[in-house]
Asks: 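After the structure tokens below, expect a handful of questions from me.
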Amino acid sequence: MDGRSLRIGNASGFYGDRFSAFREMLEGGPLDVLTGDYLAELTMLILGRDRLKNPDGGYARTFLRQLEETLGLAVERKVRIVANAGGLNPQGLANDLRALATKLGLSVNIAHVEGDDLVGRADELGFDQPLTANAYLGGWGIAACLDAGADIVVTGRVTDASLVVGPAASHFGWKRDDWDRLAGAMVAGHVLECGAQATGGNFARFGEIDVRRPGFPLAEVFADGSSIITKHPDTGGAVTVDTVKAQLVYEIGGARYAGPDATARFDTIVIDAEGPDRVRLSGVRGEPPPPDVKVCLNRLGGFRNDAQFVLVGLDIEEKAALVRTQLNATLKPRPSEVLYTLARTDHADAPSEEQASATLRVTVKDADPKVAGRAFTGAVVELALSSYPGFFLPALPGEASPFGVYTAGYVDARKVPHVAVLPDGRRIDVLPPEETRKLEAVPAPSLPAPRLAGPTRRAPLGQVALARSGDKGGDANIGVWVRTDEAWSWLVHTLTEERLRALLPETQALKIQRHVLPNLRALNFVIEGLLGEGVSSSTRFDQQAKALGEWLRSRHVDVPESLL
């Protein structure tokens, strides 16, 4: 282990990630800190519903089961653990961890961070009766717990990057205004936060590496905030400039990436390969954080249900129209929202029945679970012998399921408590930053002059460009990058906001922001409102926009032959 660096690994990118990853990371090689990220916007809704059923719940129980198998190994190897698995109940998780340690006969110092849960102050803060309301805290509460000797720190809703910022700030003794160092750790944390996505998981050029079972990533963080992204030896996947870039451009906005501890300038990142499975991130400039902190708000939006009608062979459009006419006449009472989506996946003269099939998906929403449930299911099933030829459903619709609506709120950081509860029970208030700066867009960088001329060929964009996409509430994000300066000079002039709308017709009526990141040879597009009121509420086929980038890469454009 390099004495000049802090080795921070990740063993979870979401609630439900690979259960064995904690053991794999602890056994695979040396670590100083092992983190786990369990909280997404949708997860907060799930935990909120869990808390309604059980006031003692509200945290990620998987984490407790993982530590039941690996806590002894972590103690033996002197690896400290930091995770946001506390969800809506970090104190409850901390108490249950102490009981687990006693059961296992282990002496472990356990601390937690709280203050993010604002649901009890919703009216005061101007939020309209949310199910959950959680501010994104920073890493200084984690740092205070580690400074006090904690072996395990569990938190509620902190930013994903804070799981790295806190341990690094504690280890290196950084100050609150060490903006460049803090920003460098934020960038490393952003790469680690989604686990195996940094080591080849969900990677556009997956055929170039063995991604059957990618290992989880780790960062060697240095005192100046720079880092090397790597993984344990003899684990699957790969760490390359492109796998790291794929995570850097994932679910971001513009060049200023704001957090509660600092604002990282993503347009200053320098990325270099340092050998097999080693990628250095350096040069990150930091700025003071904005005065407001983001708040994740979830409320119950009602109930939803859906049915899929398989349409085979001829007259697909007419069959779909018949179903619409019949359902519109028989859905009584009519749900508040009825959406029909016809997916024309059928082929003429198909060699198999499945290849001759299209799908009509009907989604309904209503405040009344009976209207979206039994009434809708009955109307669908009653068509079985009185509708289009070849009628069949791959599965019967069931009871309506509740859905949530996500919104982002913002609160003055001075109004949000941030409390480190130390292993001995002492409570330390973490003060908000003394210096803040309003978040503003970075001026558009100068673009390289178009350098390519000559013949072009119609080809998929993905033959030149890589991409990764995802969700941010109701917005979708697509990061697109290329590998060479020649390809960059073509991409940055070709893939404009207008061209993206033409390639992805679903986006034509929506606001699109394009952000240029020359250091990464990357463009980032934020498509506002593509996912409606958030993942749980979205009726889109790809509810989290995870495959949006792959759809874009499959679209054909005129590409200079010199790039193919």
Side-chain angles (χ1 to χ4, degrees), residues 302-401 403 458 460 476 500-510 527 529-533 537-548 550-556:
F303 297 84
R304 63 182 292 166
N305 206 346
D306 64 67
Q308 293 190 52
F309 297 82
V310 178
L311 316 173
V312 181
L314 305 177
D315 307 318
I316 297 296
E317 298 285 345
E318 292 77 8
K319 290 171 180 174
L322 175 58
V323 173
R324 286 195 292 268
T325 299
Q326 291 178 307
L327 281 181
N328 287 340
T330 56
L331 282 175
K332 296 178 180 179
R334 184 177 175 84
S336 59
E337 184 175 343
V338 182
L339 178 68
Y340 296 93
T341 306
L342 176 60
R344 291 299 305 265
T345 53
D346 53 301
H347 300 271
D349 194 21
S352 72
E353 182 178 342
E354 190 168 2
Q355 290 173 289
S357 301
T359 302
L360 176 67
R361 184 162 62 100
V362 185
T363 303
V364 297
K365 292 181 180 179
D366 199 85
D368 187 339
K370 294 180 181 178
V371 173
R374 188 177 307 160
F376 171 68
T377 297
V380 169
V381 173
E382 287 173 6
L383 295 180
L385 301 181
S386 56
S387 189
Y388 60 88
F391 180 105
F392 82 90
L393 308 170
L396 294 178
E399 296 295 323
S401 58
F403 70 89
R458 200 77 177 159
L500 186 77
R501 284 193 175 92
L503 294 172
L504 305 183
E506 286 184 43
T507 69
Q508 287 182 357
L510 303 174
I527 305 166
L530 183 69
L531 305 181
E533 295 178 300
S537 175
S538 176
T539 57
R540 191 174 178 275
F541 169 65
D542 175 13
Q543 290 179 312
Q544 293 182 278
K546 299 299 187 185
L548 192 64
E550 288 302 292
W551 178 28
L552 176 63
R553 292 180 68 242
S554 75
R555 295 308 308 264
H556 286 219

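These figures come from a predicted structure and were not determined experimentally. Residue numbers start at 1 and run along the sequence shown.
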Asks: So for atom NZ, which belongs to Lys370, do other residues, nucleotides or ligands contribute more than 12 heavy atoms lying within a distance under 6.0 Å?
Replies: no

Asks: Can you name the nearest heavy-atom pair linking Ala356 to Asp346, along with the distance?
Replies: O-CB, 3.5 Å

Asks: Given side chains that start at C-beta, do those of Asp366 and Glu337 come closer than 4.5 Å, heavy atoms only?
Replies: no

Asks: Give, for atom CD of Gln543 and atom CG of Leu531, the distance between the pair rounded to the nearest 0.5 Å.
Replies: 9.0 Å

Asks: Ignoring hydrogens and angles, tell me if any N or O in the side chain of Thr377 forms a donor-acceptor pair with the backbone of Gly373 under 3.5 Å.
Replies: yes

Asks: Are the side chain of Arg334 and the backbone N or O of Val371 linked by a donor-acceptor pair below 3.5 Å?
Replies: no

Asks: Examine distances only and state if a side-chain atom of Ser387 and a backbone atom of Ala384 form a donor-acceptor pair shorter than 3.5 Å.
Replies: no

Asks: In sequence, state the C-alpha distance, the side-chain angles, and the governing distance for Phe541 and Arg361, and then conclude on side-chain contact (heavy atoms from CB on, under 4.5 Å).
Replies: CA-CA 9 Å; Phe541 169 65; Arg361 184 162 62 100; 4.0 Å; yes

Asks: With a 4.5 Å cut-off on side-chain heavy atoms, are Phe392 and Phe309 touching?
Replies: no

Asks: Check whether any side-chain heavy atom of Leu327 sits under 4.5 Å from a side-chain heavy atom of Leu383, and report yes or no.
Replies: yes

Asks: Is any side-chain heavy atom of Trp551 closer than 4.5 Å to a side-chain heavy atom of Glu506?
Replies: yes

Asks: Of all the heavy-atom pairs spanning Ala343 and Ala358, show the shortest one and how long it is.
Replies: O-CB, 3.3 Å

Asks: Working to the nearest 0.5 Å, report the span between CZ of Arg555 and CD of Glu550.
Replies: 14.0 Å

Asks: Can you see which heavy atom on Ala307 is nearest to which on Pro397, and at what distance?
Replies: CB-CG, 4.2 Å

Asks: Listed by chain and number, what are the side chain to side chain contact (heavy atoms under 4.5 Å, CB included) partners of Leu396, not counting sequence neighbours?
Replies: Val381, Leu393

Asks: I want to check something: taking the side chain as every heavy atom from C-beta on, are Arg540 and Thr341 in contact at a cut-off of under 4.5 Å?
Replies: no

Asks: For Gln355, enumerate each residue passing the side chain to side chain donor-acceptor pair (under 3.5 Å) test, keeping only those at least two apart in sequence or located in another chain.
Replies: Ser352

Asks: Taking the side chain as every heavy atom from C-beta outward, state whether Ser401 and Arg304 have any pair of such atoms under 4.5 Å apart.
Replies: yes

Asks: Taking atom CD as the centre, does Gln508 end up with more than 12 heavy-atom neighbours from other residues, nucleotides or ligands that are less than 6.0 angstrom away?
Replies: yes

Asks: Please report the C-alpha distance between Thr539 and Lys365 in whole Å, then the side-chain angles of each, then the deciding distance to 0.1 Å, and finally whether the side chain to side chain donor-acceptor pair (under 3.5 Å) criterion is met.
Replies: CA-CA 10 Å; Thr539 57; Lys365 292 181 180 179; 5.4 Å; no

Asks: Quick check: closest heavy atoms across Leu548 and Ala476, and the distance to 0.1 Å?
Replies: CD2-CB, 3.9 Å

Asks: List the atom pairs, with distances to 0.1 Å, where a side-chain N or O of residues 312-324 and a protein N or O form a donor-acceptor pair under 3.5 Å, not counting sequence neighbours.
Replies:
| unit_1 | atom_1 | unit_2 | atom_2 | d |
| --- | --- | --- | --- | --- |
| Glu317 | OE2 | Arg344 | NH1 | 3.0 |
| Lys319 | NZ | Val312 | O | 2.5 |
| Lys319 | NZ | Leu314 | O | 2.9 |

Asks: We want to know whether Thr330 and Glu382 form a side-chain donor-acceptor pair, criterion being a heavy-atom distance below 3.5 angstrom.
Replies: no

Asks: As a quick check of understanding, evaluate side-chain contact (heavy atoms from CB on, under 4.5 Å) for Val380 and Val362, giving each step before the final call.
Replies: CA-CA 10 Å; Val380 169; Val362 185; over 6 Å; no

Asks: Between Asn305 (side chain only) and Val364 (backbone N and O only), is there a donor and an acceptor less than 3.5 Å apart?
Replies: no

Asks: I want to know whether Phe303 and Phe403 have ring centres closer than 6.0 Å.
Replies: no

Asks: Between Ala367 and Pro369, what is the shortest heavy-atom contact and its length?
Replies: O-CD, 3.6 Å

Asks: Identify the heavy atoms of Pro460 and Arg553 that sit nearest to each other, and give their distance.
Replies: CB-O, 3.5 Å

Asks: Under 4.5 Å between any side-chain heavy atoms of Ser357 and Leu311, yes or no?
Replies: no

Asks: Could you check whether any side-chain heavy atom of Leu339 comes within less than 4.5 Å of a side-chain heavy atom of Asp306, counting everything from C-beta outward?
Replies: no

